[in-house]
Engineer: 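Attaching a single structure in structure tokens format; questions to follow.
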Amino acid sequence: MITASVAELSRALLARRLSSVELAGGLLDRIDAANRTLNAFLTVDREGALTQAKAADKRIAAKTASPLTGIPLAHKDVIMTAGLRTTCGSRMLENFVAPYSAFVAEKLADAGMVLVGKTNMDEFAMGSSNENSYFGPVKNPWNTTCVAGGSSGGSAAAIAARLVPAATGTDTGGSIRQPAALSGVCGLKPTYGVCSRYGLIAFASSLDTPGAFGQTAEDCALLLNAMAGHDARDSTSLDRPAEDYTRLLKENAANAGAKPLAGLRIGLPREYFGAGTEPDIAKAIEAAIACLRSLGATTVDVSLPNVDYSLPVYYVISPAEASSNLARFDGVRYGHRAPKYDDLMDMYKKTRAEGFGAEVKRRILVGTYVLSHGYYDAYYLKAQQVRRLIADDFQRAYQSCDVIVGPTSPTTAFCLGDKTDDPVKMYLNDIFTIACNLTGAPAISIPCGFDGKGLPIGLQIQGDAFAEAQILNVAHRYQQATDWHQRVPASFAP
Ligand code: GLN
């Protein structure tokens, strides 16, 4: 029971068939047993979790509970949690305890969720394999010689191994969806601005998006219900009426019949179905599309002629913003400070040389270069112009379809060390996820099969801005017709 989905656990908790203290205790034991192998958690807060669980049980008894009250949760370690260490996967913040909590952390705590710990991640969320973490890589629960994906690899692996039912992540170029695909779980990237970025350690401010991991699309919807909302402390946070992201999941449950997706037009971009995607993935995606057709959807071919530029555009814009955001780590205000130095300049240099890993330094160098005088117009400005063209492509496509479907990643989980010598090869793993960070639109990755080696495959469903409820519904209907999301890696079966 303790390894069930959020929705199932919520029913059990509210019916008092299970207490939050039992649930949290049981999962903390699973974490203790599994973490040496997986390295998914950087911090585990047993005492704090059990205190919160006790409070949740009281709230349930008092009948003031929300659907998330008493449910254990893990935060990606880029999300600040007052009183609990936040490392961002970096030596720079190895011992950093934030003075305040992120907006999304506050909202999930207000809903009564029980924070069990913080998950491992690529340093400053830069990476696609979690191998850039100062604290070592996360291992994939399906095969521990493989990566879990990145940068939110710890959250994805924790869900896959059933160590927690719910986790947060951040997605700047695919860091929720790509590890969700490689680890065989669901990962939702909401529309930019729907969840406040307040209290996330910033990587690339125009792209960073907090979101949710779970076993099911329904669980992601439940989490988003609590995480969304306006926040005056983030100037890009949107002030929109509150939505129930589960509404479509319930709405047509009664009268859905055999064709719950009747009327839905699925766009299939020709750019997502070319060479370069592993054949087992292409096959699984075809099968998933056939399943969606059997549920009533129709498909239409669309084209995104500029989408191939997503990767180069992203690798100009995101390092540019990162170089500016990471200037604050100077050894003066917080985090690591070099123990020995001559003068102030030397202190900055030594602190940053010691505190940052190779990938972070690479991004800072690229970022300062593309922003420098004489190169700004050629690189940064040009990238922003192409970003607009990519967004226009999607707008054109959405005139003839409601959602866009394709693979989340061109490969399944690769072996640890396989791509660490070749950054461009690593960057290419995000080829399908980056576009919607550039446009701000939402997308979800859900499990849709396995390759010949038994590694999970992810299906990406993208929608236009604010189409969360719709893409969640498509994912949910698919999950009602299939059981890929219920598979658990053998070594972590309950
Ligand atoms: N893998 C991409 C990168 O390295 C995306 C990271 C992210 O979404 N945080 O930048």
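The figures that follow rest on heavy atoms only: side chains count, while hydrogens, waters and symmetry mates do not. Nothing here was measured: the structure is a model prediction, and the numbers come from that model. Counting convention: from 1, in listed order, for ligands and their atoms alike. Residue indices begin at 1 and follow the sequence shown.
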Engineer: Is it true that D77 and K118 have a side-chain N and a carboxylate O under 4.0 angstrom from each other?
Structural biologist: yes
Engineer: Among Y315, F203, F124, Y427, which residue places a heavy atom closest to atom 3 (C) of ligand 1?
Structural biologist: Y315
Engineer: Closest non-hydrogen protein atom to atom 6 (C) of ligand 1, residue and atom name please, with distance?
Structural biologist: S175 OG, 2.8 Å
Engineer: Take every heavy atom of E359, measure it against each atom of ligand 1, and state whether any distance is under 4.0 Å.
Structural biologist: no
Engineer: If we only count N/O pairs under 3.5 Å, is M126 in contact with ligand 1?
Structural biologist: no
Engineer: Where on M121 is there a heavy atom closer than 4.0 Å to ligand 1, on the side chain, on the backbone, on both, or on neither?
Structural biologist: neither
Engineer: Any atoms of ligand 1 less than 4.0 Å from a non-hydrogen atom of A125? List them with their elements.
Structural biologist: 6 (C), 7 (C), 9 (N)
Engineer: Could an N or O of ligand 1 be found under 3.5 Å from any N or O of G150, whether backbone or side chain?
Structural biologist: no
Engineer: Using modelled atom types only, decide if a donor and an acceptor are shared between the side chain of E131 and the backbone of G417 within a distance under 3.5 Å.
Structural biologist: yes
Engineer: May I ask you to decide whether R177 forms a salt bridge with D171, counting only side-chain N to carboxylate O separations under 4.0 Å?
Structural biologist: yes
Engineer: List every atom of ligand 1 that sits less than 4.0 Å from any heavy atom of S151, numbering the atoms from 1 in the order shown and giving each element.
Structural biologist: 9 (N)
Engineer: So, is S128 polar-close to ligand 1, with some N/O to N/O distance under 3.5 Å?
Structural biologist: yes
Engineer: Of all the non-hydrogen atoms in the protein, which one sits nearest to atom 2 (C) of ligand 1, and at what distance?
Structural biologist: D430 OD2, 3.1 Å
Engineer: Using 30° and 60° as the class limits, which term best fits the ring planes of Y379 and Y369: parallel, tilted or perpendicular?
Structural biologist: tilted
Engineer: Hey, is K350 close enough to E354 for a salt bridge, meaning N to O under 4.0 Å?
Structural biologist: no
Engineer: Identify the protein heavy atom lying closest to atom 5 (C) of ligand 1, giving its residue, its atom name and the separation to 0.1 Å.
Structural biologist: Y314 OH, 3.2 Å
Engineer: Under a 4.5 Å cut-off applied to non-hydrogen side-chain atoms, are M126 and L326 in contact?
Structural biologist: yes
Engineer: Does some side-chain heavy atom of P442 sit less than 4.5 Å from a side-chain heavy atom of K189?
Structural biologist: no
Engineer: Please compare P319, G173, S318 and report which has the shortest non-hydrogen distance to atom 8 (O) of ligand 1.
Structural biologist: G173
Engineer: Out of all atoms in ligand 1, which are within 4.0 Å of some heavy atom of G127? Include the element for each.
Structural biologist: 1 (N), 2 (C), 3 (C), 4 (O), 6 (C)
Engineer: How many angstroms lie between OG in S90 and CZ in F96, if you round to the nearest 0.5 Å?
Structural biologist: 12.0 Å
Engineer: Does D422 come within less than 4.0 Å of K419, counting only side-chain N to carboxylate O?
Structural biologist: no
